[in-house]
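Notes for the one structure printed next.
Each residue takes its place number in the sequence, starting with 1.
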Amino acid sequence: MKKLLYILILSLPIVGISQENKEIKEQKQKLKASTNLTYDANKELVDDNFIDAEANYRKAIAASNDNAAAKFNLGNAYYKENSFGEAFVRYKQAGETAQTKEERHSAYHNLGNVFMKNKEYDKAIEAYKEALRNDPSDEETRYNLALAKEMKKKDDQQKQNDKNNDDKNKDKDNQDQQQNKNDQDQDDNQNKNDQQNQDNKDNDQNSDKNKEQKGDEGEDQEDKNPKPGDQPKDQQDPKQQPPRPNQLSPQQIKNILEAMSNEEKKVQEKINGKKVKGKPAKNAKDW
């Protein structure tokens, strides 16, 4: 019983190894088919037949995910067509599945070129650095790295200049807006003052008119509605009527008459006195 169990245990690894060999064999077959499709796609790309080349590269990638060359070459095809977004995806896939340093170097070198086209200089620098880690001897990659650093420096300077110009323009716009606001406020105040002066002028004119109108109405009203006890001018007592120019008042006439009467009395008294003196006075009665 123990001997039979030992035999069964020993047989299990043999089955596992056989299954692994089968999978490896299938993967190799798929990689071979993928490589053949890649070869066909390369020929079509050389002949400028992009549509068929793209189709065969996609088939090659679908046949075997381990075919880094198909991804890299499809990235080159997209790069040539200026489809940099698609090229980025394929170069990134190629770098992740590359089996050798040479393949990784090529993938990240071209990935840096995509970033340079998109003016993403920071990412380009990192991509070129990764390419040099896999092949430090590539002078083209080293030159591209130096160029990316120089372009980044110029781009940063340009962005700073643009920011400074934007700040200046913003300050100028704010100053212009403030000046326009001040001018508008000044115009509004001037218009308000002008309107206030005009209103005051109109009010003064209306007040004068009202006074004149009230004066006329008052005179008319006084003429039409005399106060109690007043008599019409034509019915007033001549003694109470004010004297006309160059005419004596009744009182003055009365005073003059009294004065004349008094003078006349004085004259008469003098005359009478003289008569008395001229007549002999009687001291006694006649017998």
Handout entry: Residues which pass ring-ring contact (aromatic ring centres under 6.0 Å, His included) with Tyr108, listed by chain and number, not counting sequence neighbours
Key =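 Counting only residues at least two positions away or on another chain, Tyr108 forms no ring-ring contact (aromatic ring centres under 6.0 Å, His included).
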Distance from [X] atom [atom1] to [Y] atom [atom2], nearest 0.5 Å?
| X | Y | atom1 | atom2 | answer |
| --- | --- | --- | --- | --- |
| His109 | Glu130 | NE2 | CD | 14.0 Å |
| Ile125 | Tyr121 | CD1 | OH | 10.5 Å |
| Lys117 | Asn82 | NZ | CG | 6.5 Å |
| Asp188 | Gln195 | CG | CD | 12.5 Å |
| Lys101 | Asp135 | NZ | CG | 9.5 Å |
| Gln177 | Gln184 | CD | CD | 13.5 Å |

Handout entry: With Ala87 via side chain to side chain contact (heavy atoms under 4.5 Å, CB included) - residues at least two apart
Key =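 Per chain and number, Ala87 pairs via side chain to side chain contact (heavy atoms under 4.5 Å, CB included) with Tyr78, Tyr79, Tyr91, Val114.
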Is [Y] paired with [X] through a side-chain N to carboxylate O contact shorter than 4.0 Å?
| X | Y | result |
| --- | --- | --- |
| Lys172 | Asp176 | yes |
| Asp187 | Lys192 | no |
| Arg58 | Glu54 | yes |

Report yes if the side chains of [X] and [Y] come closer than 4.5 Å at any heavy-atom pair, otherwise no.
| X | Y | answer |
| --- | --- | --- |
| Arg142 | Glu139 | yes |
| Phe88 | Phe115 | yes |
| Lys159 | Asp155 | yes |
| Phe72 | Arg90 | no |
| Glu258 | Asn255 | yes |
| Glu126 | Lys129 | yes |
| Lys153 | Lys149 | no |
| Val89 | Gln93 | yes |

Practice task
For salt bridge (Lys or Arg N to Asp or Glu O under 4.0 Å), just list the numbers for Lys92 and Glu96, CA-CA rounded to whole Å, side-chain angles, deciding distance to a tenth of an Å, and then say yes or no.
Solution key: CA-CA 6 Å; Lys92 188 172 184 297; Glu96 291 171 350; 2.6 Å; yes
More than 12 heavy atoms of other residues, nucleotides or ligands under 6.0 Å from [atom1] of [X]: yes or no?
| X | atom1 | value |
| --- | --- | --- |
| Gln186 | CD | no |
| Tyr39 | OH | no |
| Tyr143 | OH | no |
| Ile51 | CD1 | no |

Handout entry: Check: Gln175 main-chain N/O paired with Gln179 side-chain donor or acceptor under 3.5 Å
Key =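 Absent.
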Handout entry: Glu86 side chain to Phe84 backbone, donor-acceptor under 3.5 Å
Key =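 No.
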Exercise for the section: Please check if Leu147 and Tyr128 belong to a single hydrophobic cluster, counting links between Ile, Leu, Val, Met, Phe, Trp and Tyr side chain heavy atoms closer than 4.5 Å. Expected result: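 Yes, same cluster.
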Exercise for the section: Using the test salt bridge (Lys or Arg N to Asp or Glu O under 4.0 Å), find all partners of Lys152 that sit at least two apart in sequence or belong to another chain. Expected result: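 Scan of Lys152 (salt bridge (Lys or Arg N to Asp or Glu O under 4.0 Å), adjacent residues dropped) gives Asp122, Asp156.
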Problem - Residue list, salt bridge (Lys or Arg N to Asp or Glu O under 4.0 Å) with Lys254, at least two apart or on another chain - result: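 Expected list: none.
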Practice task
Go through the steps to decide whether Asn49 and Leu45 satisfy the test side chain to side chain contact (heavy atoms under 4.5 Å, CB included), and finish with yes or no.
Solution key: CA-CA 5 Å; Asn49 190 355; Leu45 191 62; over 6 Å; no
Exercise for the section: Given side chain to side chain contact (heavy atoms under 4.5 Å, CB included), test Gln178 with Asn174 step by step and report yes or no. Expected result: CA-CA 6 Å; Gln178 185 63 37; Asn174 291 336; over 6 Å; no
Handout entry: Chi angles and distances behind the side chain to side chain contact (heavy atoms under 4.5 Å, CB included) call for Lys25, Gln29
Key = CA-CA 6 Å; Lys25 184 177 180 180; Gln29 290 176 349; 3.7 Å; yes
N/O donor to acceptor pairs below 3.5 angstrom from side-chain atoms of residues 59-70, sequence neighbours left out:
from	atom 1	to	atom 2	distance (Å)
Ser64	OG	Asp66	N	3.4
Asn65	OD1	Lys71	NZ	3.0
Asn67	OD1	Ala69	N	3.3
Asn67	OD1	Ala70	N	3.2
Asn67	ND2	Ser34	O	3.3
Asn67	ND2	Ser34	OG	2.5
Asn67	ND2	Thr38	OG1	2.9

Practice task
Locate the shortest heavy-atom distance separating Asn144 from Asn113; write the atom from each residue and the value.
Solution key: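 Answer, listing the atom of Asn144 first, then Asn113: ND2-OD1, 3.4 Å.
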Exercise for the section: Search all heavy atoms of Ala131 against all heavy atoms of His105 and return the closest pair with its distance. Expected result: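 Minimum heavy-atom separation between Ala131 and His105: O-CD2, 3.0 Å.
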Problem - Inter- and intrachain pairs under salt bridge (Lys or Arg N to Asp or Glu O under 4.0 Å), touching residues 35-46, at least two apart - result: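 Qualifying pairs, neighbours excluded: none.
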